[in-house]
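Inspection log for the structure reproduced underneath, given as structure tokens.
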Number of protein chains: 2
Amino acid sequence: MNNQEKLEDILFYSLERSIKSYRQFAQQQLIKHHFDITIDQWLLLKTIRDNPEQTQQQIAQTIFKDFASVTRIVELLVEKKYIIRSQHPTDRRRFKLKLADSAEKLLSIMQPIIESNRKTALKGISEQQILQFQQVLNLIYNNCKS
Amino acid sequence: MNNQEKLEDILFYSLERSIKSYRQFAQQQLIKHHFDITIDQWLLLKTIRDNPEQTQQQIAQTIFKDFASVTRIVELLVEKKYIIRSQHPTDRRRFKLKLADSAEKLLSIMQPIIESNRKTALKGISEQQILQFQQVLNLIYNNCKS
DNA sequence: GCTACTTTATTGATATATCAATTATATTTG
DNA sequence: CAAATATAATTGATATATCAATAAAGTAGC
């Protein structure tokens with residue numbers, strides 16, 4: 001009668017634990033350097049810079065978030081004046097989202113910190129291990145996506 | 001002037017993507033089988049069953065959640081009558097948390113679904129790959145934990 | 001036994017996740 | 001063209017994450 005599996009043996013428990021510790025660590029680094037945005041807000045800014053023509057729904061797909069979350073994160077970034085939101089020229093349902101200069105600058109000065117965070121998190125892990133790790137991640141993703 | 005790294009190349013992007021697709025898949029399976037709790041609520045019930053003597057703070061550490069989140073999840077589970085909360089016999093700051101019979105039963109009937117979810121998510125991934133994967137997860141965790 | 005400190009839990013505020021419902025606009029189709 | 005359908009975004013409700021402040025009870029040192 002032992003269905004009392006141990007948490008530590010559960011792969012997805014380790015997965016949650018690792019991603020959470022990374023997120024906390026990375027967010028703390030941002031705070032320590034006095035950046036006034038969250039990791040998620042950073043990701044959204046980056047996505048808009050990479051491809052300013054996306055609809056919010058496309059952005060949501062790209063950064064793997066809900067439409068509603070994107071709406072709210074955009075809202076916050078418009079308030080913080082990192083995003084300029086204007087009417088889309090041809091489709092009145094949409095908005096044109098553009099990074100403000102302040103956001104371009106912010107992304108630039110954040111970049112070294114972001115890279116250093118990743119480096120710290122992956123310390124002692126070989127290229128080879130990382131490649132295999134990423135393969136497994138992709139397999140899991142493909143097994144679970146709807 | 002190319003600091004426009006591609007999202008798909010970022011390991012932690014893949015990590016987020018995989019864990020989110022797994023969580024969504026697993027939660028959908030619970031809904032499909034008409035279970036009325038979330039994955040997180042399940043995890044908390046399981047932890048209490050494994051070790052009923054834990055304080056809420058210890059539970060939080062175990063399942064890698066914030067104290068405040070544990071308070072609120074416990075609240076919901078008490079409302080749903082899956083947890084019986086009573087005064088701790090010797091320490092009046094604490095509560096004694098006990099699974100209701102209904103929760104024991106729920107955990108039992110959920111177990112096969114949970115296991116099948118994991119199996120689906122890990123389909124086509126060898127034991128060997130999983131072990132190495134878990135090693136990398138632990139390295140990341142240790143690199144990031146404070 | 002009093003004071004300072006620590007521990008346990010709750011609460012409030014804000015950010016994000018998810019689902020469902022709604023609004024406005026565009027597109028398709030008969 | 002009008003009606004049906006699809007798309008883009010928002011909003012509301014509930015769950016969870018995080019930080020800070022608070023309250024209550026326990027413990028240690030004097």
Side-chain angles (χ1 to χ4, degrees), chain A residues 16-17 19-32 35-45 53-80 82-83 85-97 146, chain B residues 16-17 19-32 35-45 53-61 63-80 83 85-97 146:
Chain A
E16 290 272 2
R17 191 175 70 159
I19 190 72
K20 278 188 185 176
S21 68
Y22 173 70
R23 284 182 70 89
Q24 282 170 2
F25 162 69
Q27 188 62 54
Q28 282 314 307
Q29 290 303 113
L30 296 196
I31 291 171
K32 185 183 291 178
F35 296 126
D36 63 342
I37 63 175
T38 66
I39 301 272
D40 291 307
Q41 291 168 12
W42 170 82
L43 184 59
L44 199 148
L45 287 180
E53 284 310 308
Q54 292 174 102
T55 64
Q56 286 185 197
Q57 297 195 14
Q58 286 166 334
I59 292 173
Q61 276 199 305
T62 304
I63 63 178
F64 214 63
K65 288 186 182 300
D66 193 77
F67 302 158
S69 296
V70 170
T71 293
R72 285 163 185 143
I73 298 174
V74 165
E75 198 64 45
L76 289 170
L77 289 169
V78 168
E79 275 170 34
K80 289 182 179 173
Y82 286 133
I83 289 181
R85 181 169 47 182
S86 55
Q87 281 286 330
H88 190 274
T90 62
D91 188 337
R92 300 205 308 176
R93 292 169 304 184
R94 296 180 49 181
F95 290 108
K96 197 158 164 292
L97 300 179
S146 33
Chain B
E16 290 272 0
R17 191 175 70 159
I19 189 73
K20 278 188 186 177
S21 68
Y22 173 70
R23 283 181 70 88
Q24 283 170 1
F25 162 69
Q27 187 64 53
Q28 283 314 308
Q29 291 301 113
L30 296 195
I31 292 171
K32 185 183 291 178
F35 296 126
D36 63 344
I37 63 174
T38 65
I39 302 274
D40 291 307
Q41 291 168 12
W42 170 81
L43 185 58
L44 199 147
L45 286 180
E53 284 310 308
Q54 293 175 102
T55 65
Q56 286 184 200
Q57 295 194 16
Q58 286 167 335
I59 291 173
Q61 275 199 306
I63 64 178
F64 215 64
K65 288 187 182 299
D66 192 78
F67 302 158
S69 297
V70 169
T71 293
R72 283 160 185 143
I73 298 174
V74 165
E75 198 64 45
L76 290 170
L77 289 168
V78 168
E79 275 169 35
K80 289 181 178 173
I83 290 181
R85 182 169 46 182
S86 54
Q87 281 285 330
H88 190 274
T90 61
D91 188 337
R92 300 205 310 176
R93 290 168 306 182
R94 295 180 49 180
F95 291 109
K96 197 158 165 293
L97 300 179
S146 32

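We name chains A, B, ... by the order of the sequence lines, and we start the count at 1 in each one.
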Using whole Å, what does the distance between atom C1' of nucleotide C:dA20 and atom CZ of A:Phe67 come to? 13 Å
Value in whole Å for how far the P atom of C:dA9 lies from CD of B:Gln54: 11 Å
For B:Gln56 and B:Leu97: C-alpha separation, side-chain torsions, deciding distance, then whether side-chain contact (heavy atoms from CB on, under 4.5 Å) applies. CA-CA 9 Å; B:Gln56 286 184 200; B:Leu97 300 179; 4.1 Å; yes
Pair A:Leu45, A:Ile83 - check side-chain contact (heavy atoms from CB on, under 4.5 Å), show working. CA-CA 8 Å; A:Leu45 287 180; A:Ile83 289 181; 3.8 Å; yes
What is the distance from CD of B:Gln57 to C1' of C:dT10, rounded to the nearest Å? 11 Å
With a 4.0 Å cut-off on heavy atoms, is A:Asp40 in touch with a base, just the backbone sugar-phosphate, or nothing at all? sugar-phosphate
Determine whether B:Leu44 and B:Val74 make a side-chain contact, defined as any pair of heavy atoms from C-beta on separated by less than 4.5 Å. yes
For DNA chain C, whose closest nucleotide is more 5', that of A:Arg93 or that of A:Arg23? A:Arg23
Which residues in residues 68-78 of chain A have at least one heavy atom lying under 4.0 Å from any atom of DNA chain C? A:Ala68, A:Ser69, A:Arg72, A:Ile73, A:Leu76
Is any side-chain N or O of B:Gln56 closer than 4.0 Å to OP1 or OP2 of C:dT8? no
With side chains defined as the heavy atoms from C-beta onward, is the minimum distance between B:Ile73 and B:Thr38 less than 4.5 Å? no
Between the base of C:dT8 and the side chain of B:Arg94, is one N or O donor paired with an acceptor at under 3.5 angstrom? no
Span of DNA chain D in contact with chain B (heavy atoms, under 4.0 Å): D:dA15 to D:dG26
For B:Gln28, answer base if it contacts any base atom (sugar-phosphate contacts may also be present), sugar-phosphate if it contacts only those atoms, and nothing otherwise; contact means non-hydrogen atoms under 4.0 Å. sugar-phosphate
Distance-minimising heavy-atom pair for B:Glu53 and B:His88: OE1-NE2, 4.4 Å
Starting from the 5' end of DNA chain D, give me the residue, A:Gln27 or B:Lys80, whose nearest nucleotide shows up first. B:Lys80
Rounded to whole Å, CZ of B:Phe95 lies from C1' of C:dT10 at a distance of 9 Å
Does the side chain of A:Arg23 reach to within under 4.5 Å of the side chain of A:Asp40, using non-hydrogen atoms? yes
What are the two closest heavy atoms between A:Ile19 and A:Glu16, and how far apart are they? CG2-O, 3.3 Å
Check this for me: A:Gln61, atom CD, are more than 12 non-hydrogen atoms of other residues, nucleotides or ligands nearer than 6.0 Å? no
Taking the six-membered ring of A:Phe64, is NZ or CZ of B:Arg17 closer than 6.0 Å to its centre and within 45° of its axis? no
Classify B:Gln41 by what it touches in the nucleic acid, base, sugar-phosphate, or nothing, heavy-atom distance under 4.0 Å. sugar-phosphate
